[in-house]
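Inspection log for the structure reproduced underneath, given as structure tokens.
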Amino acid sequence: MARVGNVTADQLIAGTSVLSRPAEEFENDPSLEAMWAVKAMEHAEVYFNILCSVDPKFLKLTPHDEQIYKTFKDTFPNMKVDKVDEDELKSPEGKTKWRFFCEQFKDIVEDYSFGTLLRADCTGDYSEENSILTTRIQFYAIELVRNKEGLNDCVREKYKSNRYVKT
């Protein structure tokens, strides 16, 4: 039977609906953390496969892409998105600024606060060294800029024959 840590595949599937409940309802539960990790990795695999297949400039990530892009550019006009500095992102000042940004999309973007993996360096793929855990809205904001401004263009050429294949 397939396992993730001490959790079986059946337990992961059965627990997936639990992930839509508010985070405040849960204590530190290893099986729940494993489910979040699996969901984040699945999202990363799907997104990376899309980047390898489609010109990123034409990707629409949400129905609210323009609003997210504009708000991000207004809030973080000088943020370097090609190589995201995790320390800067998660510094006390960064957290405060991001919290304000994220909360603007609370009732607009579905699953805005879901844990999501972001590639630190947009020229690389997802790996332990190149992945940062962010909220879904942070992921959308940074990836929208990368896509619109051509920073993700190299991914398709570099990785098109090495796309992730779910096993």
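When reading the values below, keep in mind they use all heavy atoms of this one structure, side chains included, and skip hydrogens, waters and symmetry mates.
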[X] side chain vs [Y] backbone, donor-acceptor pair below 3.5 Å:
| X | Y | value |
| --- | --- | --- |
| R119 | G124 | yes |
| K60 | D65 | no |
| T116 | F114 | yes |
| S113 | T135 | no |

Please report the interatomic distance [atom1]([X]) to [atom2]([Y]), rounded to the nearest 0.5 Å.
| X | Y | atom1 | atom2 | value |
| --- | --- | --- | --- | --- |
| I108 | H64 | CD1 | NE2 | 6.5 Å |
| L151 | T123 | CG | OG1 | 10.0 Å |
| T62 | D111 | OG1 | CG | 12.0 Å |
| K80 | C122 | NZ | SG | 10.0 Å |
| T75 | M79 | OG1 | CE | 11.5 Å |
| N130 | L117 | CG | CG | 10.5 Å |

- Parallel, tilted or perpendicular: which describes the rings of F72 and W98, with under 30° parallel and over 60° perpendicular?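 F72 vs W98 ring planes: tilted.
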*Relative to the ring of F105, is the ring of F101 parallel (under 30°), tilted (30 to 60°) or perpendicular (over 60°)?*
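Answer is tilted, since the angle falls between 30° and 60°.
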Which atom names give the shortest non-hydrogen contact between [X] and [Y], and what distance separates them?
| X | Y | value |
| --- | --- | --- |
| L51 | R156 | O-CB, 3.5 Å |
| C52 | V155 | SG-CG1, 4.1 Å |
| S131 | Y126 | OG-CD2, 3.6 Å |
| K57 | D153 | NZ-OD2, 2.6 Å |
| G115 | A40 | O-CB, 3.9 Å |

Query - From CA spacing to verdict: side chain to side chain contact (heavy atoms under 4.5 Å, CB included), Y47, L61 - result: CA-CA 10 Å; Y47 183 69; L61 301 182; 3.7 Å; yes
Query - Candidates E103, Q138, Q104 - the one meeting side-chain hydrogen bond (donor to acceptor under 3.5 Å, both in side chains) with Y112 - result: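 Passing option: E103.
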Task: I68 vs E143 side-chain heavy atoms within contact, under 4.5 Å - done: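 Side chain of I68 against side chain of E143, heavy atoms only: no contact under 4.5 Å found.
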Under 3.5 Å side-chain donor-acceptor pair for N147 and N152
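Yes, side-chain donor-acceptor contact under 3.5 Å.
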#### Entry: More than 12 heavy atoms of other groups within 6.0 Å of K73 NZ
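It does: K73 NZ has more than 12 such atoms within range.
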Exercise. Flag yes if more than 12 heavy atoms outside K70 fall under 6.0 Å of its NZ atom; otherwise flag no.
Key: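 Counting neighbours around NZ of K70, 12 or fewer heavy atoms of other residues, nucleotides or ligands fall under 6.0 Å, so no.
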Pairing of R136 and E110 as salt bridge, 4.0 angstrom limit:
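No, R136 and E110 are not salt-bridged.
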Can a salt bridge be assigned to the pair K39 and E42 using a cut-off of 4.0 Å between side-chain N and carboxylate O?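 Answer for the salt bridge query: no.
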Holding to side chain to side chain contact (heavy atoms under 4.5 Å, CB included), I want the full list of residues that pass it with S91, two or more places apart in sequence or in another chain.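 S91 satisfies side chain to side chain contact (heavy atoms under 4.5 Å, CB included) with E93 only.
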